[in-house]
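Values below: every heavy atom of this structure, side chains too, minus hydrogens, waters and symmetry copies. Within every chain, numbering begins at 1; the chains are lettered A, B, ... in the order of the sequence lines, protein sequences first and strands thereafter. Keep in mind that what you see is a predicted model, and the values were worked out from it rather than measured.
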Amino acid sequence: MRFTTEESSLQGELPAIMEQLKLKLGNSPDLIMRHIRIASSPVVIAAVIYFEGLIDRQLVNDLVLCSSLSASSGDASPQDASAQERAYGLLFNHVSARGEASVVRTLDGVLEAVLSGCTVLIVDGIGEAISCSTKGGESRGIEEPTTQVVIRGPKDSFNESLSTNIALIRRRIKNPDLWLEKLKLGDKTRTDVAIMYMKHTVDDGLVEEVKRRLQRANLSVVLETGAIEEMIQDQTATFFPTIYNTERPDVIAANLLEGCVAILVDGTPFGLLAPTVFAQFFQSPDDYYYRFDVGIFLRILRYTCYLISLLLPSVYIAAITFHQDMVPTTLLISIASAREGIPFPAFIEAMLMELSFEVLREAGVRMPRAMGQAVSIVGALVLGQAAVQAGIVSTAMVIVVSITGIASFSTPAYNVAIAARLIRLFIMVLAATLGFYGILLGCIVLLAHMCSLQSFGVPYMAPFAPFRLIDQKDTILRMPRWPFIKRDRKIYEEQAAEPWLQQQKRSGSSDPAKGE
Amino acid sequence: MNTPKISAGQLFALIILFVFGTAIAVNYGLDAKKDAWIAILLGTFSGCLLFMLFSYLYRQYPDLTLTCYTQRIMGKYVGWLLGMIFVLYFIYDAARDVRDAGELLNTSVYDATPIFVLNAVMLLAIAYVLDKGLYVLARLSEIFIVIIAASGIVGSILVFASRIIDLNNLLPVLEYGWKPILTTTYPSTFIFPFGEMLCFSMLFPLLKNPELQLKTGLLAIVLSGLALSYTIAIDIAVLGADISSRSIFALLTMVSKVNIADFLQRLDPIALFTMLIVDFFKIAMLYYAAVIGTADLFQVKPSRKLVVPVGCVILITSMSITGSFNEHLLEGKLSISNFQLMVVVGIPLLLAAVHLIRKYIGKGQSVDP
């Protein structure tokens with residue numbers, strides 16, 4: 001619902017206005033209207049309107065109290081003003097002394113203010129109302145992050161309140177350069193969205209582009225950052241996320257300092273970061289909190305695990321189906337004896353196991369907590385042991401699938417791990433039809449696809465391709481901190497492919513690349 | 001089209017992968033018997049000279065591709081015809097390399113799979129990459145150059161570690177004098193693969209730093225020439241000149257001899273896939289040159305549209321080019337010493353000569369349009 005365009009003013013009798021408001025909101029019982037007397041000698045009535053639950057009760061009570069007190073503290077009034085106007089003026093002074101207050105002149109304005117958690121004061125007979133920010137209500141406390149767990153490092157994570165989330169970031173960067181812009185997105189939901197960036201560090205073109213894309217997105221419903229992510233990403237036809245999301249304020253803070261733009265949305269604990277590169281999805285915040293050698297080891301481990309989760313079943317299928325000569329003889333014999341009596345070709349066997357593992361995993365996420373044990377028993381016994389004993393799958397396949405599954409959990413970012421799960425199925429088909437040749441070509445095409453992606457103009461595979469030596473110290477490696485005190489993401493300026501950036505670059509600095 | 005330009009590093013990686021191309025797979029320069037490595041070094045040296053010729057032409061027309069400036073130099077009709085010859089050459093050469101890859105796979109692992117399927121799948125993957133644009137190929141090359149370098153280094157260590165190298169196989173140097181070396185170098189190791197680098201003239205206008213083109217190119221050629229020479233020398237040192245020249249793919253045979261503690265053995269599939277990767281890039285470069293050239297000649301605006309048609313032509317050519325692998329190899333030798341020599345050395349020399357003549361005559365007369 002766009003708020004109705006017909007401008008209904010606040011002129012008129014107070015009861016009539018109230019009636020109109022009630023009508024518009026369908027008599028919702030959580031809309032609270034209180035009447036107070038704000039002047040006594042000629043009685044002036046004001047209405048206090050708010051939604052129960054959206055406001056901080058303490059603040060509103062305070063406000064009401066001070067408003068009624070303003071009546072008694074009335075000073076000598078100028079003759080030309082009516083009693084109502086006098087009372088209104090006093091009231092406004094009082095309210096604005098208590099907090100953020102603004103004037104609203106239309107009924108729609110009142111509605112919007114009330115819906116976003118403000119308290120509105122309407123004085124009888126005055127054509128305008130005072131909207132007073134009293135946002136509050138219940139929200140979840142700041143808890144430990146559930147999706148990006150670290151051993152060492154800050155343990156706070158975002159919650160569903162935008163102001164809390166912004167404060168969590170501000171607390172980490174006490175710098176006037178940290179700028180914040182707010183806008184409302186979604187025709188129906190009118191969700192508050194905040195854009196944060198470090199002025200002077202961030203590329204101005206990037207901020208403009210983020211805002212332009214947000215405005216262009218033309219969303220009607222914004223309940224989660226996912227909707228925004230989908231609308232503002234560079235390419236849609238890809239398995240890979242080109243915008244980073246996190247629920248950790250320290251990750252957002254670190255990336256803001258490197259020149260990224262953060263997008264926070266009211267009502268979700270997940271913030272977005274743009275631009276991002278593929279390597280970022282393999283960084284965990286505690287890489288920076290450990291010693292650098294441990295960090296490097298863990299990163300290499302993660303990349304290896306990603307490759308395993310992507311390729312292992314395919315390699316197994318290809319080796320068993322096409323390239324038996326590659327497998328050492330003793331191993332081949334034991335695999336062959338395990339596969340003896342299995343009715344399916346390796347590919348079908350692998351698909352069966354992979355899909356049942358995916359089912360198990362999905363069930364593990366969705367099922368009620370109390371049923372956990374049942375599912376794990378069924379999973380471990382039925383799918384593992386019983387399937388092998390029944391001669392449906394071989395032990396080697398169970399090992400392969402479980403290693404693949406475990407490896408896929410070691411990627412810090414869930415959305416990249418899920419991409420590997422999808423692509424794995426395609427590569428398995430290639431492996432079953434063309435063996436290693438198929439896997440090789442599949443990998444080349446996959447890499448080519450990834451090289452063609454970009455995130456807000458930054459090549460997705462940077463700094464591997466296009467290669468930048470300076471940035472290598474924080475990709476697969478995590479070099480010790482002392483040499484890279486001045487680390488900042490310059491990829492953005494140098495490698496941008498987007499026309500708006502190139503134009504900007506051309507006007508900004510001399511560009512020798514262009515021939516006459 | 002607003003695509004990112006090719007950086008010097010990417011050009012470097014592309015050239016190295018291109019030179020390795022099929023040269024590392026087929027028995028390269030082994031006509032010179034145990035002195036093949038000298039023939040390759042000589043070929044590399046001559047390749048540098050040839051590359052300087054290409055660079056000279058490019059410098060005269062820094063914004064134009066080979067087929068475009070051919071028309072500038074030779075006039076509309078003759079130039080168009082020569083451009084057509086270039087394009088046909090690129091297609092033919094790409095088809096030969098596709099066939100190489102198909103035969104390589106067919107003889108080593110996929111004896112039951114039709115070559116047509118193997119070739120078609122390869123071209124399909126390349127077409128996908130080229131459809132995304134040359135910059136994607138360039139970025140890919142940056143990733144794969146690392147993989148190739150790593151597998152080269154690890155492979156060398158394994159070969160050394162398994163004590164199969166017998167340097168006596170390389171001695172005595174120059175047993176038969178210079179004559180077999182020279183006849184192998186000119187034209188064989190010279191044209192293939194350094195002469196084929198003519199196709200890079202089609203991408204030079206896309207370079208980000210044109211001033212680095214010559215330096216990067218020469219460095220890449222010298223490095224890859226040294227690596228090729230080293231590889232062939234090891235082939236010979238392990239297998240002996242006789243077996244190397246008689247085996248179909250000497251490198252594969254050599255690598256299959258690696259055996260460390262009865263555990264690390266049968267590495268030939270890894271060598272095979274290394275060869276396939278480099279071949280992939282070689283085909284892709286020639287394919288790209290053919291696509292851009294065709295687009296230039298026939299004025300097709302987004303050249304992307306030609307990726308699939310040209311790919312089909314390459315595929316069909318690769319199938320109809322020969323009946324058997326031996327015929328394929330023999331035809332390769334013949335075409336190198338006749339057709340290819342004429343196209344990659346003869347025509348560019350002619351172009352340079354005509355350009356110089358026009359420049360001097362043009363000086364006396366009015367300004368060239």
First locate atom [atom1] of [X], then atom [atom2] of [Y], and finally report the distance between them rounded to the nearest 0.5 Å.
{"X": "B/Leu105", "Y": "A/Phe436", "atom1": "CG", "atom2": "CZ", "result": "13.0 Å"}
{"X": "A/Leu453", "Y": "B/Arg139", "atom1": "CG", "atom2": "CZ", "result": "9.5 Å"}
{"X": "A/Tyr437", "Y": "B/Ser108", "atom1": "OH", "atom2": "OG", "result": "11.0 Å"}
{"X": "A/Leu441", "Y": "B/Leu124", "atom1": "CG", "atom2": "CG", "result": "9.0 Å"}
{"X": "A/Cys451", "Y": "B/Ile143", "atom1": "SG", "atom2": "CD1", "result": "4.0 Å"}

- line: Exactly one candidate in B/Leu140, B/Leu276, B/Ile126 meets side-chain contact (heavy atoms from CB on, under 4.5 Å) with A/Ile444; the answer is B/Leu140
- line: Interface check, chain B: of A/Thr330, A/Leu447, A/Val327, most non-hydrogen pairs under 4.5 Å belong to A/Leu447
message: I need the residue from A/Ala448, A/Gly438, A/Gly442 with the largest number of non-hydrogen atom pairs under 4.5 Å to chain B.
response: A/Ala448
Go through the atoms of [X] and report whether side chain, backbone, both or neither lie under 4.5 Å from a heavy atom of chain A.
{"X": "B/Val109", "answer": "side chain"}
{"X": "B/Leu272", "answer": "neither"}
{"X": "B/Tyr128", "answer": "side chain"}

- prompt: Under 6.0 Å between ring centres, would you say that holds for A/Phe322 and B/Tyr110?
  reply: yes
field: Contact class of A/Leu331 relative to chain B, heavy atoms under 4.5 angstrom
entry: neither
query: Around B/Lys305, counting heavy atoms of other residues, nucleotides and ligands shown, do more than 12 lie under 6.0 Å from its NZ?
result: no
query: Below 4.5 Å, heavy atoms only, C-beta onward: do A/Pro466 and B/Tyr135 meet side chain to side chain?
result: no
task: Could you tell me which non-hydrogen atom of A/Ala465 sits nearest to which non-hydrogen atom of B/Glu142, and how far apart they are?
output: CA-OE1, 3.5 Å
